[in-house]
Amino acid sequence: MATTTEGFGGGPMHRDRARTFDSTSPATGEVVASFPLAGPEEVAAAVALAGQAAAEWAELGFEGRRRALLAYKALLVRRADELIALVHRENGKPRADALIEVLMIVEHLDWAARNAARVLGRRRVRSTLVLANHAASVEYQPLGVVGVIGPWNYPVFTPLGSIAYALAAGNAVVFKPSELTPAVGCFLADTFADAVGGPPVFQVVTGDGTTGQALCLAGVDKVAFTGSPATGRKVMAACAERLTPVVLELGGKDAMVVDADADVDAAAEQALWGGMANAGQTCLAVERVYVVDQVYDRFLARLVERASRIRPGGGPDADFGPITLPRQLEIIQRHLDDAFARGARALVGGRDAVRPPYVDPVVLVDVPADALVMQQETFGPVLPVIRARDAGHAVALANANPYGLGAAVFAGRRGDPIARALRSGMASINSVLTYAGVPSLPLGGVGESGFGRIHGPDGLREFTRPKAITRQRFALPFGMQSFDRPRFVLPAVQQAMKLRHGRRPGPRRR
Ligand code: NDP
């Protein structure tokens, strides 16, 4: 795997530098490729180049960028087999999980390219009676250079979820992929360069956390960070130095609620997939399941039966792959040990489920609410199932958590009110994670899960600044904004204000 050394792909990074690092396959330990560890100088040079490129990219206008991004999308699709194989090698996930990433991001690229003009373009807005002689308009202008810092668990979907929208909005991007998945990051930028040509509007800087920190301090116009809450805090602190704005897409501890009139079989199937696909290494993974008393036993029986049939593996067609980040294995083990010490029982898997680099499926019951596995992100194929008195109780239990990213509800009649009552940025009814695949919906969290939104119109606006303009269409004989205004103007204006706004509110006019 090669990164380009100039232009779009690698920007100003030098391959012959002594400071390099290897990316390896988590399943086999084989070295995928070696990459430069970019320091503050290289990062600053990439940001400077991006600054020049951003001006040209903005000049292209919505139509030019639409065509460029659709060409990029088409090339990614044509090279999808290569990309999927690379994700499998470097991240460890099976082909099916990698394909889902590519499939979803292609839809987002398409939507961002086609909708940027409608969402961000200049439009007239209404003025007021007092300023009726002024026309008013608003447009959303690009920020300039956006620094994107991404995680390893969805090395295609997650960074491009910011990059596609930032580019469509007219910004240049400097992307720092996780040190675990730099080859995938470079593939994304290299493919862009092949499809679009021109100045380096999408560059990659490879490295570790210090490279990410350098990007936060490099004078970019915004940082889009996806990762853990702990690193999110460091990113925000670093960005505070230059008042660089941030959007933080952080971890989750997503809950699923299963109500009495749910399709229990479908709920069990989706809980299992939502909790264990990608080995549970999904920010939006189902990490807690609250099932109402009436269907608890039935749900559990179906879940246990299904969970007993799946296995992790290193092959391209495994049910799910290895744990990508070696450190995560210790966290999963700690969560399991803590749960068992507090009286939890495993109906599938157990204490010995952690077999580096794999973790076997685990279904837990009798887990107290203060157990680590109920409070913190486990990021493994571990599903605690909790009995709730009714849907209201389930929602209260689900909401008693500092995270608030996504959520799922399986229910008949009450699906909608339950989904709305859950404290989360997104919720899906009778499915899991589907909101992430709908490009016109915003994605983001509350509390420990971060703030700001990617995807959809909000995701486009996240990478812009609104520009408000008024234009005087004709002059009034007497205006307020003059030291020479006649004496009668103020009382007349005050009287007009009273007539227009001083009445008590009546019934709403239709
Ligand atoms: P980390 O927070 O460890 O790292 C995220 C990125 O930040 C990596 O590129 C990392 O580099 C970089 N980084 C590390 N230290 C710093 C620093 N001081 N300043 C700037 N950047 C830094 O997260 P993971 O990569 O382990 O990803 C998993 C986390 O991401 C989970 O919590 C998951 O829930 C969350 N996530 C959230 C999503 C969402 O949409 N809300 C989507 C996907 C994941 P390096 O890897 O080289 O250390």
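We're numbering straight along the sequence, starting at 1. Computed from heavy atoms alone, side chains included, the values below leave out hydrogens, waters and symmetry copies.
- Minimum interatomic distance between A346 and G350 (heavy atoms only, all atoms of both residues): CB-CA, 4.0 Å.
- The backbone N or O of V184 sits nowhere less than 3.5 Å from a side-chain atom of T181 that would complete a donor-acceptor pair.
- Under the 30°/60° scheme for interplanar angles, the aromatic rings of F35 and F21 are found to be tilted.
- Using a cut-off of 4.0 Å between Lys/Arg side-chain N and Asp/Glu carboxylate O, R309 and D319 are scored as not salt-bridged.
- Relative orientation of the F202 and Y72 rings is perpendicular, given thresholds of 30° and 60° on the angle between their planes.
- Checked by atom type and distance alone, the side chain of T211 pairs as donor or acceptor with a backbone atom of D208 at under 3.5 Å.
- Side-chain contact between V102 and L76 is absent, with no heavy-atom pair separated by less than 4.5 Å.
- Here the side chain of K253 pairs a donor or acceptor atom with the backbone of V373 at under 3.5 angstrom.
- Nearest heavy atoms, G321 versus A279: O-CB, 3.6 Å.
- To the nearest 0.5 Å, atom OG1 of residue T206 and atom CD of residue E42 are 9.0 Å apart.
- Nearest approach of M256 to V286, heavy atoms of both residues: CB-CG1, 3.9 Å.
- Within the 4.5 Å cutoff, the side chain of P361 has heavy atoms near those of the P312 side chain.
- Counting heavy atoms from C-beta on, the side chains of D254 and S424 never come closer than 4.5 Å.
- S162 places none of its side-chain heavy atoms less than 4.5 Å from the side chain of E462.
- Using a distance-only test at 3.5 Å, with no hydrogens or angles considered, a donor-acceptor pair links the side chain of E101 to the main chain of V156.
- Atoms OH and CD, on Y403 and Q375 in that order, are 10.0 Å from each other to the nearest 0.5 Å.
- Looking only at distances, no side-chain donor or acceptor of E377 sits under 3.5 Å from a matching main-chain atom of E287.
- Atom-to-atom distance recorded for R79:CZ and L188:CG is 10.0 Å, nearest 0.5 angstrom.
- By the side-chain contact (heavy atoms from CB on, under 4.5 Å) test, V295 is found to be paired with V258, V264, V291, V292, R298, residues two or more places apart in sequence or in another chain being considered.
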Practice task
Before giving the answer on side-chain contact (heavy atoms from CB on, under 4.5 Å), spell out for F410 and D263 the whole-Å C-alpha distance, their side-chain angles and the decisive distance to 0.1 Å.
Solution key: CA-CA 7 Å; F410 275 77; D263 178 340; 5.6 Å; no

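- Not one N or O on the side chain of K176 forms a donor-acceptor pair closer than 3.5 Å with the backbone of V205.
- To the nearest 0.5 angstrom, L250 atom CG is 7.0 Å from S449 atom OG.
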Exercise for the section: Go through the steps for D360 and R355 under the test side-chain contact (heavy atoms from CB on, under 4.5 Å), then give the verdict. Expected result: CA-CA 8 Å; D360 291 328; R355 302 181 288 113; 2.8 Å; yes

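- Heavy atoms from other residues, nucleotides or ligands lying under 6.0 Å from CZ of R420 number 12 at most.
- Within the 3.5 Å criterion, the main-chain N or O of G314 finds a donor-acceptor partner in the side chain of Y358.
- Nearest heavy-atom pair across L422 and A407 is CD1-CB, 3.8 Å.
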Which pairs of donor and acceptor atoms, one on a side chain in residues 379-392, lie under 3.5 Å apart (sequence neighbours left out)?
residue	atom	partner	partner atom	Å
R387	NH1	D293	OD1	2.8
D390	OD1	G392	N	3.2
D390	OD1	H393	N	2.8

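- A268 approaches R302 most closely through the heavy-atom pair CB-CB, 3.6 Å.
- L284 approaches A436 most closely through the heavy-atom pair CD1-CB, 4.0 Å.
- In this structure, L441 and M426 have side chains that are not in contact, with every pair of non-hydrogen atoms separated by 4.5 Å or more.
- For the pair D366 (side chain) and R345 (backbone), a donor-acceptor distance under 3.5 Å is absent.
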Exercise for the section: Apply side-chain contact (heavy atoms from CB on, under 4.5 Å) to the pair L347 and V365, showing each step before the final yes or no. Expected result: CA-CA 7 Å; L347 300 186; V365 292; 3.8 Å; yes

Handout entry: Criterion side-chain contact (heavy atoms from CB on, under 4.5 Å) on Q281 and I323, from CA distance to verdict
Key = CA-CA 8 Å; Q281 305 168 110; I323 298 301; 3.8 Å; yes

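- Put simply, the side chain of E90 reaches to within 4.5 Å of the side chain of P182, judged on heavy atoms.
- Residue V173 is tested with I163, V204, V220, V145 for a side chain to side chain contact (heavy atoms under 4.5 Å, CB included); the sole match is I163.
- Residues V409 and D416 fail the side-chain proximity criterion, which asks for heavy atoms closer than 4.5 Å.
- To the nearest 0.5 Å, atom CG of residue L372 and atom CD1 of residue I331 are 10.5 Å apart.
- Between D81 and R95 there is no salt bridge, since none of the side-chain N atoms of the basic residue sits less than 4.0 Å from a carboxylate O of the acidic one.
- Of the inter-residue distances, the one linking K93 atom NZ with T324 atom OG1 reads 7.5 Å to the nearest 0.5 angstrom.
- By the 4.5 Å heavy-atom criterion applied to side chains, W273 and V432 are counted as neighbours.
- Judged purely by atom type and a 3.5 angstrom limit, N430 uses its side chain to pair as donor or acceptor with the backbone of A411.
- D337 pairs with exactly one of H335, Q333, R334 by the side chain to side chain donor-acceptor pair (under 3.5 Å) rule, that one being Q333.
- With respect to H455, the ring-ring contact (aromatic ring centres under 6.0 Å, His included) criterion is satisfied by exactly one of F463, Y435, Y165, W111: Y165.
- Just one of L215, V246, V148, I149 meets the side chain to side chain contact (heavy atoms under 4.5 Å, CB included) condition when paired with F225; it is I149.
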